[in-house]
Amino acid sequence: MPEGHTIHQLARDHRKLLVGRRLAVSSPQGRSAAGAAALTGGRLDDVEAFGKHLFYDWAAGDVLHVHLGLFGRFLLHRGPPPPPVGAIRLRLSAGDDDHPPVTLDLRGPTDCSVGTPDDRDAIVDRLGPDPLRRDADPERFIAAAGRTSRAIGALLLDQSMIAGLGNVYRAEVLFVCGIDPRRAGRDLSEAERRCLWTTAASMLRKGVRERRIVTVDPSELDGPLPREAARGEATYAYHRATCLRCGSPIERFELGNRNCYACPVCQR
DNA sequence: ATACCATGAACAG
DNA sequence: TGTTCCTGGTATC
């Protein structure tokens with residue numbers, strides 16, 4: 001279930017577990033991880049998240065790129081590496097030093113490949129600012145969104161406009177800002193575009209802290225809290241039949257090749 | 001047993 | 001715009 005918050009959380013975890021250690025690298029099912037095994041024995045220098053992309057920097061200069069796509073996930077094994085089961089695209093193991101042994105198995109990624117720092121730069125150059133990064137420039141998104149006739153609901157999924165949002169955050173950010181997803185970017189006021197950025201940033205940060213997508217502020221609701229809302233797992237509009245705030249039927253339509261959800265009352 | 005759907009994105013034309 | 005690749009859970013027969 002990876003949107004940007006998951007990727008940044010993974011980078012943080014993997015940094016803590018693996019950076020500075022010499023790793024064994026293998027790809028039991030070969031395929032996408034061409035050349036990964038050649039990294040074996042190298043030391044990992046850093047793990048970087050940018051939008052939905054992960055970059056593993058090896059001391060020798062190689063950069064391993066991982067994109068989870070819709071289905072990818074990492075599984076962590078503590079202790080000696082278990083025998084690989086099923087389609088494991090990449091296995092990273094550390095166990096040759098004083099630290100406890102750990103193994104990370106990667107399954108189902110859209111991309112897992114070894115490249116150079118230039119390859120990494122080429123990927124990053126195609127991405128818009130990532131609200132979870134300190135070096136993000138919000139003005140790039142705010143300006144670019146104001147220049148296009150494309151629907152704002154499509155722009156928020158376009159990783160070259162703003163990096164890290166997926167379908168859940170798209171629906172919920174637009175809801176909180178009270179904006180209809182079908183409005184053209186250039187028809188939004190600057191204040192509205194700024195609201196989208198700051199809302200996205202705070203939602204993503206909360207997602208990293210809580211290790212899950214949390215978009216609902218329980219104190220703001222009129223009616224009684226649904227059980228999911230009390231646990232912080234509810235959404236206002238995403239994948240709902242009725243609006244969590246006002247109870248109106250949620251509209252569902254295709255936008256940016258994905259199902260988009262919006263409240264016709266709360267989002268003008 | 002089979003179909004479909006999902007928090008993603010590249011590619012062809 | 002349509003097709004294709006990933007995987008796993010749920011719905012449908």
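Labels below follow one simple rule: chain letters A, B, ... track the order of the sequence lines, proteins then strands, and each chain is numbered from 1. Treat the numbers as computed from the prediction; the structure is a model and nothing was measured.
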Colleague: Using the C1' atom as the point on both nucleotides, what is the distance between C:dT1 and B:dT7, in whole Å?
Modeller: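 Here B:dT7 and C:dT1 have their C1' atoms 23 Å from each other.
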Colleague: Across the strands shown, which category fits A:G108 at heavy-atom distances under 4.0 angstrom: base, sugar-phosphate, nothing?
Modeller: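 The answer is sugar-phosphate, as A:G108 gets under 4.0 Å only of primed atoms, P, OP1 or OP2.
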Colleague: Among pairs that include at least one residue of residues 139-149 of chain A, which meet salt bridge (Lys or Arg N to Asp or Glu O under 4.0 Å), considering only residues two or more places apart or in two chains?
Modeller: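 Residue pairs with at least one partner in residues 139-149 of chain A: A:E139-A:R194.
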Colleague: Can you tell me how far C1' in B:dA10 sits from the matching atom in C:dG8, rounded to whole Å?
Modeller: 22 Å
Colleague: What is the distance from atom CG of A:L92 to atom CG of A:L64, rounded to the nearest 0.5 Å?
Modeller: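 That separation rounds to 7.0 Å.
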Colleague: Report, as a single string ordered 5' to 3', how protein heavy atoms within less than 4.0 Å touch nucleotides 7-13 of chain B: B base, S sugar-phosphate only, - not at all.
Modeller: BBSS---
Colleague: Determine the sole option in A:D118, A:T116, A:V124 for which the side chain to side chain contact (heavy atoms under 4.5 Å, CB included) test with A:R120 is passed.
Modeller: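 The option that passes is A:V124.
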Colleague: Give a yes or no on whether A:I162 and A:L127 share a hydrophobic cluster (residues Ile, Leu, Val, Met, Phe, Trp, Tyr; joining criterion: side-chain heavy atoms under 4.5 Å apart).
Modeller: no
Colleague: How would you label the contact of A:R170 with the nucleic acid (heavy atoms, under 4.0 Å): base, sugar-phosphate, or nothing?
Modeller: nothing
Colleague: Using distance only, find each side-chain donor-acceptor pair of residues 49-57 of chain A under 3.5 Å and give its atom names and separation, not counting sequence neighbours.
Modeller:
unit_1 : atom_1 : unit_2 : atom_2 : d
A:K52  : NZ     : A:L165 : O      : 2.7
A:H53  : ND1    : A:H65  : NE2    : 2.8
A:Y56  : OH     : A:H14  : ND1    : 2.8

Colleague: Picking from A:T198, A:V214, A:V176, what satisfies side chain to side chain contact (heavy atoms under 4.5 Å, CB included) with A:M203?
Modeller: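 With A:M203 as partner, A:T198, A:V214, A:V176 yield a single side chain to side chain contact (heavy atoms under 4.5 Å, CB included), made by A:V176.
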